[in-house]
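Predicted model only: the values in this text are computed from it and were never measured. Naming: A, B, ... by sequence-line order, numbering from 1 per chain.
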Amino acid sequence: MSARTVIPFGPQHPVLPEPVQLRLTLEEERVVEAIPAIGYVHRGIEKAAELNEWVQNVFLVERICGICSFLHALCYCQGIETLLGVEPPPRARYLRVVWGELHRLHSHHLWLGLLADSFGFESLFMQFWRNREMIMDLLEMTAGNRVIVSTCTVGGTRRDIAQEQASEILRTLDKVQNELDKLLPVISNDYTVRSRTVGKGVLPKDKAIRLGAVGPVLRASGVAQDVRMIGYAAYGELGFTPVVEQAGDAHARLLVRMKETYQAIDLIRQALAHMPEGEIITRVRGNPRGRTISRVEQPRGEVVYYLAGNGTRNLERLRVRTPTFANVPALVQMLPGCELADVPVLVLSIDPCISCTER
Amino acid sequence: MNIITTARVKSPWILHFDTGSCNGCDIEILACLTPLYDVERFGMINVGNPKHADVLLVTGPANRRNARVLRNLYEQMPAPKVVIVIGTCGCSGGVFHNCYNMLGGIDKVIPVDVYVPGCAAKPEAIIDGVVLALQRLAERSESKPALAEALA
Amino acid sequence: MTTGEQPTSALRPATIVPPAQAPARIENLERIPLADLLPRVRAMAAQGARLVTLTCVDMGGAFEVLYHFDLDLQLQHFSAQIPAGDKLPSITSEYLCAFLVENEIADLFGLQVEGLPVDYHNRLMLTEDSSDRPLLRER
C-alpha cells in the first residue's frame, strides 16, 4: 500500500466563495476518503426564528441564503399561510413564479460561470457573468434591490409588476436566450468542458435516491423529481416538465442546469402571459397554530421547512433543511476514486451553498 | 507619493473571506470582478493567498469557529494592509444580531478601516469602499512605522 | 423606466381573512414506538423512498424526532418520542446520508445518537466556546 496523505481542502480556498473544509485522504494523487468539516458559517437562525416574531422571520429566512433568498421567503410564507388557513390571491401566485424563476435564472448563470472558472475556462466564466447582469437588472427594476429582493410576504407579494415592466422583462429574456444559444454548444460539445466533466463523479440512480440527493444532482442521475411538480404557487397551472439526464456525471449535472435556464425563461414568459388581474396580497390576522411542512424547489434542489406555531406571535419551532445539506452525502460518495485536481470541479458540481447548509 | 506607494495603490491585491454572510455580498464582490463592473481595470486582482494581499474584504458577521481563521488570515497579510467589511451584518451583526453563534461585527475580531453597509451591498458601493480604503493604504504606506514594519 | 417604482395596486385596501379554526396538521404522520423505528425505516428503504430529513423538537423532558420520507413526491412521516437522557438509534445502517443530520441533532439538542459511522462529538456546527445545546427550550 502506498503512503497516505491527508490534505485539508479549505476553509479558505480560491475556488470556494464560502468557507467549508473537506479532509481528503489521498493515495498518490487519488482520493480515497473525504470527510466534510462544516460549521464555519453556522449562525443559529433556527433559534433566532423562535426569538423573533413570525412576521419578522420573513426577513431573517431571506438571509439564510442570498442567492435563492426569494425562494426561502416563498417556502416560509407558504408554510405560514397553511398554518393561518390563508390563500394568496391568484395574481400573487403568478408573481411568485416570475420572481422565483428569475432567481433560478441568475443562480444557474452564476453557477455555470463558477464551474467554468473551476476548470480554468476563464472566458466562459466571464460570458455567463456578463449575461447574468441582464437578469440582475430585471431584479433591480422590479424589486429595487439586486440580490435580496424581499418581495414575498405572508399572504402574497409586496410589489406588483406593471405592464411596461413586464414588456421590459420579455425583451431582456429574448436577449438572454439569444446569448444562451451561443453558449449551449460550448457547454455540450467543447473539448475542454467535456474532458473535465464527462465521466467524472458518477452517481448512479439508486445511489442518488439512497443518499438523499435533491434537485439537479438527482435529476442528472435519471430521476424525474422536481418539487415544482406538486404545483405550489402557480406551477400547477403552467406547462412544465422536469429536465432529466441519465448519465449521472458532472457533465449531466451541467446539462440539467443549462437546460433549466431555458425552462426558467419559458416559465417566466408563460406566467407573464397568463397573469390574472387583481389584488396582490391577502392581509392576514391572527397567529399561526398547528404544524406543517412546506417544500419549494430552489435552484439547488428541494428546500424543506418544518413550522410549528402555538397561537402566539412567536413560532414554536422552525426547521430548515436546505438542498446543499442533502447533497453533501452524495458529494462525499462521489469523491473517492477521483484525482485531487478534479476535486474543485466535483465540489462545484453539486452547486454548494454553505450559508444555506449551516444556517 | 514615493514609487512603492504609487505601485501599491495603483494595483491593490484583494483577499476575500466570508465569515458567515448569506452569500449575497459575496456574489456582489464576484460581480465586481466580472465584465460589467470589472475592477480589474484598476489593477485590483482577487488572490487566494493572504501573503500576496494588500486589502482584506470580509463579508458577514464573525462566528465562533471562523473568528480564528479570520485572525489567522489577517496576521498572515504583510503590512501595510487595510480591512474592508462588506454588508450590514459584518458592520454590526445586522439581522443576525440575536443568533447564538455570532460574535457581532467584524471589528470584534480584527481592526476594520472601512465599513460598507447594505444588504446586500451593491457593487458600486463596494468599489467606493475599496477606493476609500486605498487612501488609507497610501497614508499607511507613507508613514514611517509602517515602512519600518514592512521592511523588518 | 425608473428603478423600483411602486405600482399602484399594492396600495389598494386588502381583504382580511379570519384565522383558521382548527390548527394545521401534518398529513401522513404516524406515531411509532422507538422499538419499531429501524424496521419501519428499513421498509421505507426497501420501497425506494428518499430520506428527506430528520426534525428534532424539544418537548421538555422528552424529544420528538420526526423522520420525513419522500416517495415520488408524496411525503410520509414517522414520529418517535424519546425521553431526555436516552440514546437515539442511528438509521445510518439504512440511510448513510442521515449521518449529517443526526450529528446536527446531537450538536444542537444534546440528544445522543448511537451507532454513528462518523461522529463529530458534538462539534459539527458548534465550537468549544459556543453555547451548549442551543436549541433546547428555556424552562
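Of the listed residues (B/Cys99, B/Gly24, B/Ala62, B/Gly60), the greatest number of heavy-atom pairs within a distance under 4.5 Å of chain A belongs to B/Cys99.
For the residue pair B/Asn66 and B/Asn63, a side-chain donor N or O sits within less than 3.5 Å of a side-chain acceptor on the partner. Of the N and O atoms on the side chains of B/Asn72 and B/Gln76, at least one donor lies less than 3.5 Å from an acceptor on the other residue. Defined by atom type and a distance below 3.5 Å, a donor-acceptor pair is present between the side-chain atoms of B/Ser21 and B/Asp26. Under the 3.5 Å distance criterion, with hydrogens and angles disregarded, a donor-acceptor pair is assigned to the side chains of B/Asn98 and A/Asn52.
When the heavy atoms of residues 113-121 of chain B are compared with those of chain A, the residues falling under 4.5 Å are B/Cys119, B/Ala120, listed by number.
Taking each heavy atom of A/Met134 and A/Glu179 in turn, the nearest pair found is CE-CG, 3.9 Å.
Looking at A/His72, neither its backbone nor its side chain comes within 4.5 Å of chain B, counting heavy atoms on both sides. Heavy-atom distances place no part of B/Ile29 under 4.5 Å from chain A, backbone and side chain included. Looking at B/Thr59, neither its backbone nor its side chain comes within 4.5 Å of chain A, counting heavy atoms on both sides. If you measure heavy-atom distances from A/Leu60 to chain B, the contacts under 4.5 Å come from both the backbone and the side chain.
A donor-acceptor pair is defined here as one N or O able to donate and one able to accept, closer than 3.5 Å; such a pair exists between the side chain of B/Arg41 and the backbone of B/Tyr37.
Both tests hold for A/Arg257 against A/Trp111: distance to the six-membered ring centre under 6.0 Å, angle to the ring axis within 45°.
Ring pair A/Trp99/A/Phe70 is tilted by interplanar angle, where 30° to 60° counts as tilted.
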